[in-house]
Amino acid sequence: MNIILLGPPGAGKGTQAQRLVDRHGMRQLSTGDMLRGAIKAGTPVGLEAKAVMERGELVSDAIVSALIGDELDAMGPDTGAIFDGYPRTAAQADSLDELLAARGRKLDHVIELEVDEDALVERIVGRFTCATCGKGYHDRFDPPKVEGTCDKCGGHEFKRRPDDNEETVRTRMAEYRAKTAPILPGYEARGLVARVDGMADIEAVSAAIEAIVAP
Ligand code: ADP
Ligand code: ADP
Ligand code: ZN
């Protein structure tokens with residue numbers, strides 16, 4: 001199974017992708033995570049992406065599609081893929097079709113997380129992750145069960161993203177509206193889109209997604 005999780009920054013894509021990984025052994029392909037990894041490793045891609053990401057703008061289509069192609073090649077053919085934060089433009093959507101077709105894969109679902117824009121800033125500024133295992137949390141909506149300790153790995157170090165501030169979030173939302181939302185009608189015409197209420201609590205969103213991927 002190959003699915004796209006689509007929604008603006010803070011919609012819950014990463015949170016739900018992690019849950020799908022845990023439940024179904026699928027693989028999360030997050031271009032944001034890949035780009036942050038490239039920045040940390042100091043690769044040429046990372047050097048090019050860093051300033052763009054700090055401004056909240058989109059990294060070039062060629063870079064992110066190449067990252068996705070490499071990740072797909074590193075996966076077993078039977079492992080399902082969850083595309084998280086990709087595609088984000090019409091050109092990326094076309095590339096994804098080609099990348100999948102070349103590997104004998106097809107898209108099963110495009111799951112759109114519908115959220116009120118007003119809620120996104122609060123979600124983004126309260127977001128943090130475990131520095132050891134990457135599990136995502138929120139100060140208010142999804143704190144660790146024991147304060148200061150990761151539920152998943154027991155780690156005590158957490159980190160926040162430099163682009164998770166109110167100003168950058170506004171740019172990222174504008175990019176979503178202008179460049180990403182317009183790819184939805186194409187998927188709709190192919191009968192692939194399922195909508196989920198992303199304003200519901202995390203468990204309820206998971207249940208709604210579960211009903212789509214494993215009816
Ligand atoms: P995205 O990957 O779409 O940018 P995340 O999954 O990282 O979004 O979620 C953004 C923040 O909001 C995280 O801190 C997460 O814990 C929190 N969050 C995710 N889903 C919900 C939800 N349904 N209700 C409340 N908070 C949520
Ligand atoms: P969020 O889900 O909160 O928007 P991501 O981690 O998906 O954040 O993306 C963070 C940043 O990385 C984006 O603002 C953008 O600069 C860059 N990025 C991630 N994925 C893509 C993509 N598919 N195309 C272009 N830029 C991307
Ligand atoms: Zn952890």
Side-chain angles (χ1 to χ4, degrees), residues 4-19 28-39 45-46 48-68 82-93 95-96 111-116 119-144 148-164 168-176 179-180 183 196-209:
I4 295 173
L5 294 178
L6 206 67
K13 304 179 296 294
T15 302
Q16 296 302 330
Q18 289 185 343
R19 286 167 165 248
Q28 176 185 9
L29 286 85
S30 160
T31 40
D33 287 347
M34 293 172 205
L35 291 167
R36 283 183 287 277
I39 290 174
V45 163
E48 188 168 336
K50 187 168 188 284
V52 179
M53 289 172 75
E54 279 171 359
R55 287 197 300 272
E57 294 168 8
L58 293 184
V59 174
S60 82
D61 293 331
I63 285 183
V64 292
S65 292
L67 290 171
I68 289 284
I82 309 155
F83 298 98
D84 161 12
Y86 179 93
R88 263 175 153 97
T89 65
Q92 291 178 26
S95 294
L96 179 58
I111 300 177
E112 183 191 7
L113 296 169
E114 291 187 298
V115 281
D116 302 339
L120 297 177
V121 173
E122 188 181 7
R123 283 203 190 171
I124 294 273
V125 300
R127 165 161 68 186
F128 63 97
T129 55
C130 172
T132 311
C133 75
K135 182 171 168 28
Y137 294 98
H138 190 279
D139 292 320
R140 197 170 137 214
F141 304 129
D142 192 17
T149 303
C150 176
D151 296 350
K152 189 171 171 183
C153 77
H156 298 294
E157 243 189 274
F158 297 90
K159 58 184 182 187
R160 288 176 195 262
R161 284 167 44 180
D163 60 337
D164 276 351
T168 308
V169 170
R170 302 276 172 204
T171 308
R172 285 155 60 197
M173 288 190 324
E175 289 279 68
Y176 180 82
K179 297 173 185 164
T180 308
I183 70 179
V196 166
D197 176 13
M199 295 306 293
D201 65 43
I202 292 173
E203 289 299 334
V205 176
S206 290
I209 291 175

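Everything numeric here is computed off the predicted structure, so don't read it as measured data. As the structure lists them, so they are numbered: ligands from 1, and atoms in each ligand from 1.
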| query | If only atom types and distance count, is the side chain of Asp116 paired as donor or acceptor with the main-chain N or O of Ala119 below 3.5 Å? | reply | no
| field | The single option from Asp164, Asp142, Asp139 passing salt bridge (charged side-chain N to carboxylate O under 4.0 Å, His left out) against Arg127 | value | Asp164
| message | I'd like the contact residues of ligand 2, where contact means a heavy atom below 4.0 Å. | response | Pro9, Lys13, Thr31, Gly32, Leu35, Arg36, Met53, Glu57, Leu58, Val59, Val64, Gly85, Tyr86, Arg88, Gln92, Arg127, Arg161, Asp163, Arg172
| note | ring-ring contact (aromatic ring centres under 6.0 Å, His included) filter on Phe141, not counting sequence neighbours, yields His138
| Quick one: which ligand 1 atoms are inside 4.0 Å of a heavy atom on Gly198? | 23 (N)
| Got a salt bridge between Asp151 and Lys135, using NZ or NE/NH1/NH2 to carboxylate O under 4.0 Å? | no
| message | So, applying side chain to side chain contact (heavy atoms under 4.5 Å, CB included) with Leu113, which one of Asp197, Ile209, Thr15 is it? | response | Ile209
| task | Just jot down the ligand 1 atoms closer than 4.0 angstrom to any heavy atom of Phe141, in number order. | result | 25 (C), 26 (N)
| field | Three-point angle Cys153:SG, the Zn ion (ligand 3), Cys150:SG, rounded to the nearest 10° | value | 110°
| note | Note: Ala200, heavy atoms under 4.0 Å from ligand 1, region reported as backbone
| message | Whether Asp61 and Lys179 form a salt bridge (side-chain N of Lys/Arg under 4.0 Å from carboxylate O of Asp/Glu) is what I want to check. | response | no
| query | Which of the atoms in ligand 1, numbered in the order shown and given with their element, are less than 4.0 Å from a heavy-atom of Tyr137? | reply | 13 (C), 14 (O), 16 (O)
| request: Using modelled atom types only, decide if a donor and an acceptor are shared between the side chain of Glu175 and the backbone of Arg88 within a distance under 3.5 Å. | output: no
| said: Distance under 4.0 Å to a non-hydrogen atom of Asp201: what atoms of ligand 1 satisfy this? | reply: 23 (N)
| message | Nearest 0.5 angstrom please: Met199 CE to Arg123 CZ, how far? | response | 5.5 Å
| query | Taking the side chain from Arg161 and the backbone from Arg36, do they hold a donor-acceptor pair closer than 3.5 Å? | reply | no
